[in-house]
Enquirer: 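What follows is a single structure, and I will ask about it in a moment.
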Amino acid sequence: MGSLLFPLFKTGMSAEMAWRTVSVVPAIVAFSTGIAVYFISDDSPKGNYPDLKKHGNMPEVSVAASFHSGAMNFNTWILFIQYACCFGVKLTMNNAAALYFREEFNQTTESVAAIASIFGWMNLFTRGVGGYASDKMSARMGMHGRLIVQTVLLACKGAMVLIFANTSNLAGAIV
């Protein structure tokens, strides 16, 4: 969103100030969406939790019992570690990409904003495809299939980060 709005904000202020100011728009959109979801949506596809519990469609389970059940499941810890690694790489890339492209390839603020936004847009695609592949393998092999897909994809992501880090030209770094 920032790379789309940045040229509009740049017309009345410096590039440095425009880049900081344009960040307000996604914050307002996200806040408004959160408020709308809170008041409009249901708790789950089957309905709101109080209604489900009242009609006997959802058992009463204590928070402690639910937490204990999840914490004692070995698969939970594997998925937790994988997600921490995956999310850590995502945060690092999204936070450092603009500075990296500016310092490494001497690009302008406008161009690094557009280039760095590619990583954010890529997340929309990769999360969907990864989730789809994980769901398909889970349907065929259960949790074991899901773990295999996520492990392979995480290893591929690590390999791609290593390739990215050793790329010396701008086009190669973007692709």
Side-chain angles (χ1 to χ4, degrees), residues 1-6 19 22-23 25-27 29-34 36-38 41-46 49 58 61 63 65-105 107 109-175:
M1 183 177 259
S3 60
L4 297 174
L5 295 174
F6 184 69
W19 182 242
V22 78
S23 299
V25 175
V29 170
F31 181 79
S32 301
T33 302
V37 166
Y38 180 78
S41 70
D42 293 334
D43 294 335
S44 74
K46 294 181 179 181
Y49 293 147
M58 182 178 173
V61 179
V63 173
S66 179
F67 178 79
H68 182 267
S69 174
M72 293 296 116
N73 188 333
F74 183 68
N75 293 326
T76 301
W77 289 102
I78 293 174
L79 292 172
F80 170 76
I81 292 167
Q82 287 181 338
Y83 189 77
C85 294
C86 178
F87 194 62
V89 170
K90 175 188 172 298
L91 287 177
T92 302
M93 292 300 291
N94 288 343
N95 288 333
L99 182 62
Y100 174 78
F101 284 114
R102 185 173 184 152
E103 290 180 356
E104 189 70 23
F105 300 109
Q107 298 295 305
T109 302
E110 295 88 351
S111 65
V112 298
I115 294 167
S117 72
I118 293 170
F119 289 100
W121 288 106
M122 183 178 60
N123 289 330
L124 293 173
F125 171 76
T126 57
R127 282 186 175 256
V129 171
Y132 179 76
S134 178
D135 289 348
K136 286 296 181 187
M137 284 297 282
S138 178
R140 288 181 55 202
M141 301 175 65
M143 182 58 78
H144 185 68
R146 186 179 300 276
L147 292 172
I148 289 171
V149 167
Q150 291 181 351
T151 301
V152 168
L153 292 177
L154 188 60
C156 289
K157 186 175 189 174
M160 295 306 289
V161 169
L162 291 174
I163 291 168
F164 170 77
N166 292 299
T167 302
S168 59
N169 65 39
L170 181 61
I174 293 172
V175 174

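For the numbers below, each heavy atom of this structure counts, side chains included, while hydrogens, waters and symmetry mates do not. Numbers here are sequence positions counted from 1.
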Enquirer: What pair of heavy atoms forms the shortest contact from A116 to A98, and how long is it?
Expert: CB-N, 3.8 Å

Enquirer: Are the side chain of N73 and the backbone of S69 linked by a donor-acceptor contact shorter than 3.5 Å?
Expert: no

Enquirer: Measure the acute angle between the ring planes of F164 and Y100, then classify it against the limits of 30° and 60° as parallel, tilted or perpendicular.
Expert: tilted

Enquirer: Can you name the closest pair of heavy atoms from R102 and V112 and give their distance?
Expert: N-CG1, 3.4 Å

Enquirer: What distance separates I118 CD1 from M122 CE, expressed to the nearest 0.5 Å?
Expert: 9.0 Å

Enquirer: So which heavy atom on L170 is nearest to which on F101, and how close?
Expert: CD1-CD2, 3.7 Å

Enquirer: Go through the steps for M143 and L79 under the test side chain to side chain contact (heavy atoms under 4.5 Å, CB included), then give the verdict.
Expert: CA-CA 10 Å; M143 182 58 78; L79 292 172; 4.1 Å; yes

Enquirer: Going by heavy atoms in the side chains, are R146 and D135 under 4.5 Å from each other?
Expert: yes

Enquirer: Find the distance between CE (M137) and CD (Q150) and round it off to the nearest 0.5 Å.
Expert: 11.0 Å

Enquirer: Atom CD in Q82, atom OG1 in T151: separation rounded to 0.5 Å?
Expert: 4.0 Å

Enquirer: According to the interplanar angle, ranging from 0 to 90°, do the rings of W77 and F80 count as parallel (below 30°), tilted (30 to 60°) or perpendicular (above 60°)?
Expert: perpendicular

Enquirer: For the pair D42 (side chain) and P45 (backbone), establish whether a donor and an acceptor sit closer than 3.5 Å, ignoring hydrogens and angles.
Expert: no

Enquirer: If every non-hydrogen atom of I163 is compared with every non-hydrogen atom of T167, which pair is closest and at what distance?
Expert: O-OG1, 2.7 Å

Enquirer: Just verifying a value: how many Å separate N169 CG and I174 CD1, rounded to the nearest 0.5 Å?
Expert: 9.0 Å

Enquirer: Of all the heavy-atom pairs spanning Y49 and S44, show the shortest one and how long it is.
Expert: CE2-CB, 3.9 Å

Enquirer: With rounding to the nearest 0.5 Å, note down the distance linking CH2 in W121 to OG1 in T126.
Expert: 13.5 Å

Enquirer: Report yes or no: does T76 contribute a side-chain atom to a donor-acceptor pair with the main-chain N or O of G70 at less than 3.5 Å?
Expert: yes

Enquirer: Within this structure, what is the CD1-SG distance for the pair I81 and C86, rounded to the nearest 0.5 Å?
Expert: 14.0 Å

Enquirer: With distance as the sole test, does S134 use its side chain to make a donor-acceptor pair with the main-chain N or O of G130 at under 3.5 Å?
Expert: no

Enquirer: Is the backbone N or O of V37 less than 3.5 Å from a side-chain atom of S41, with the two atoms forming a donor-acceptor pair by type?
Expert: yes

